[in-house]
Number of protein chains: 2
Amino acid sequence: MLSLVEENYLKTIYHLSDGGGQQVSTNAIADAIKTKPASVSDMIRKLDRKGVISYTKYQGVNVTSEGISAALKVIRKHRLWEVFLVQHLKFNWDEVHEVAEQLEHIKSPLLIERLDEFLGHPKVDPHGDPIPDSQGVIKARPQIKLGDLSPKSEGLIMAVNDSGSSFLQHLDKIGAYLGARILVVDKEEFDSSLRVKIDDGEILFISKEVASNILVEELTS
Amino acid sequence: MLSLVEENYLKTIYHLSDGGGQQVSTNAIADAIKTKPASVSDMIRKLDRKGVISYTKYQGVNVTSEGISAALKVIRKHRLWEVFLVQHLKFNWDEVHEVAEQLEHIKSPLLIERLDEFLGHPKVDPHGDPIPDSQGVIKARPQIKLGDLSPKSEGLIMAVNDSGSSFLQHLDKIGAYLGARILVVDKEEFDSSLRVKIDDGEILFISKEVASNILVEELTS
DNA sequence: TACTTAATTTAGACTAATCTAAAAAATAAT
DNA sequence: ATTATTTTTTAGATTAGTCTAAATTAAGTA
């Protein structure tokens, strides 16, 4: 059983490791948690002993499969509470985080399953982040080409098909980045070009070629 | 600002003091909180320094008006969460306590006001206990004479109109006490006597005179 | 009133989590 | 490759909350 503080460390490490993939440094954890590296050293030795991360001195840490499973439980709770706060208690999406930070540590499996049911088994939180199911499985987000998004619908930029620097520089120029919200204003029939807004900015033109190289996740508003 | 542990002490002391009225002994607190008297001694010195109780050595403690106000805030949160768990998450009334014990410590004034609104400003929790309003005011529980309770309905014995010892001895004899649950089985038309059950015990006869001197709070099942 | 018992407090130790300052290891730079 | 810099770890102290054992005060009883 992890303490509240240990849960926060684990969750942070999981996020920094990008879902368990990357190695994470002591300083990165200290930065993220707003604590001192010395405190992190102590804590990661403890988390290693508990089996949720693996740690060798001066080498940073990796999250174990047990750790991933534990982190996903916390993340599931956090995101379900966010849905509750926004959909039922009229919170704005920018007001939910700190409250969900507290609610995510409530210990009651029954509570969280009932809450999930009450909310209608939502798949994403108010920021569009996916909610792991009770088994800790994250439904792969369906990625489609920006060009296939229907007019008036919105998507999140998830990946690109062309990693060439000229293409990436172009994206940079128009203000597109991984995670940006993109709205398809309309579509030209004759050349399949798009008019889009990125993050509520100005209307931009995007060619068919560019549009087919941007992968988005459609937002179900 | 009180810590979670301090909040639990204060809430317990408030309850033991019967709403701030009685003095509370160190051992009573230790019993209620399942800790040792030595720990209680330490904690009550701290709570005294913080101004929520007043404490003189070997004399037990009293809750200050500041303490009452703080305790009522916690109790309000606890009871609102209980209503939520029962009315919206299908919890049984006997499953809610431990979860509400955790939820009551979530710090967010906005959250609790929105929850209150969402629940429709309930006046009592699933056990019939009153919910303090946002100002900490507890609506006086409506007391009616036992004789005015309609057959088949239940009440809690809240007070008596006759404090004479013979009357109190009679109550003692039939097993009635402050806080007892009393069910009116039926009522005789011709002499207004009642047949009642106290705490699911045997059926007892109660005269009109006795019934008019017992004040109950009707339980809205 | 003196003695016994019960309630309460103090003293000292322990765990969890944090910090500062200093030491050690790894990385970068000349 | 040797120095300089950054990162990380250790050592030792601190705070909150708890405990056991011993000391003190209050209360009960002969």
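By convention in this document, chain letters (A, B, ...) are assigned in the order of the sequence lines, proteins followed by strands, and residues within each chain are numbered from 1. Note that these values count all heavy atoms, side chains included, but never hydrogens, waters or copies made by symmetry.
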Nearest whole Å is fine: how far is [N] [atom2] from [X] [atom1]?
{"X": "Leu4(A)", "N": "dT15(C)", "atom1": "CG", "atom2": "P", "result": "21 Å"}
{"X": "Gln59(A)", "N": "dT8(D)", "atom1": "CD", "atom2": "P", "result": "11 Å"}
{"X": "Ile44(A)", "N": "dT10(D)", "atom1": "CD1", "atom2": "C1'", "result": "13 Å"}
{"X": "Asp31(B)", "N": "dA6(C)", "atom1": "CG", "atom2": "P", "result": "15 Å"}
{"X": "Ile29(A)", "N": "dT9(D)", "atom1": "CD1", "atom2": "P", "result": "9 Å"}
{"X": "Tyr9(B)", "N": "dA16(D)", "atom1": "OH", "atom2": "C1'", "result": "11 Å"}
{"X": "Asp42(B)", "N": "dT10(C)", "atom1": "CG", "atom2": "C1'", "result": "9 Å"}
{"X": "Met1(B)", "N": "dA16(D)", "atom1": "CE", "atom2": "C1'", "result": "17 Å"}

Proximal nucleotide (of [options]) relative to the [X] side chain:
{"X": "Asn27(B)", "options": "dA7(C), dT20(C), dT18(D)", "answer": "dA7(C)"}
{"X": "Arg45(A)", "options": "dT18(C), dT10(C), dT10(D)", "answer": "dT10(D)"}
{"X": "Ala38(A)", "options": "dT20(C), dA11(C), dT18(C)", "answer": "dT20(C)"}
{"X": "Tyr58(A)", "options": "dT9(D), dA11(C), dT8(C)", "answer": "dT9(D)"}
{"X": "Lys36(A)", "options": "dT24(D), dT20(C), dT18(C)", "answer": "dT20(C)"}

CA sep, side-chain torsions, deciding dist, call: Asp116(B), Glu113(B), side chain to side chain contact (heavy atoms under 4.5 Å, CB included):
CA-CA 5 Å; Asp116(B) 185 38; Glu113(B) 289 323 303; 4.3 Å; yes

So which heavy atom on [X] is nearest to which on [Y], and how close?
{"X": "Glu82(A)", "Y": "His97(A)", "result": "OE2-ND1, 3.9 Å"}
{"X": "Ala100(A)", "Y": "Leu85(A)", "result": "N-CD1, 4.4 Å"}
{"X": "Tyr55(B)", "Y": "Asp48(B)", "result": "N-OD2, 2.8 Å"}
{"X": "Lys107(B)", "Y": "Gln102(A)", "result": "N-OE1, 2.7 Å"}

Would you say [N] has OP1 or OP2 under 4.0 Å from some side-chain N or O of [X]?
{"X": "Thr26(A)", "N": "dT9(D)", "answer": "yes"}
{"X": "Ser39(B)", "N": "dC19(D)", "answer": "yes"}
{"X": "Ser25(A)", "N": "dT7(D)", "answer": "no"}
{"X": "Tyr55(B)", "N": "dT9(C)", "answer": "yes"}
{"X": "Ser3(B)", "N": "dA16(D)", "answer": "no"}

Task: Sugar-phosphate, base or nothing in reach of Ser41(A), heavy atoms under 4.0 Å - done: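 Base contact.
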
### Task
Check every strand shown and say whether Glu6(A) touches a base, only sugar-phosphate, or nothing at a heavy-atom separation below 4.0 Å.
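Counting heavy atoms under 4.0 Å across all strands, the contact made by Glu6(A) is with sugar-phosphate only.
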
Worksheet entry | Residue whose nearest DNA chain C nucleotide is more 5′ - Lys57(B) or Thr35(A) |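 First, find each residue's nearest nucleotide; the 5'-ward one identifies Lys57(B).
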
(Q) Could you tell me if Asp125(A) and His78(A) have a donor-acceptor pair between their side chains, going purely by distance under 3.5 Å? (A)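 Side chains of His78(A) and Asp125(A): no pair found under 3.5 Å.
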
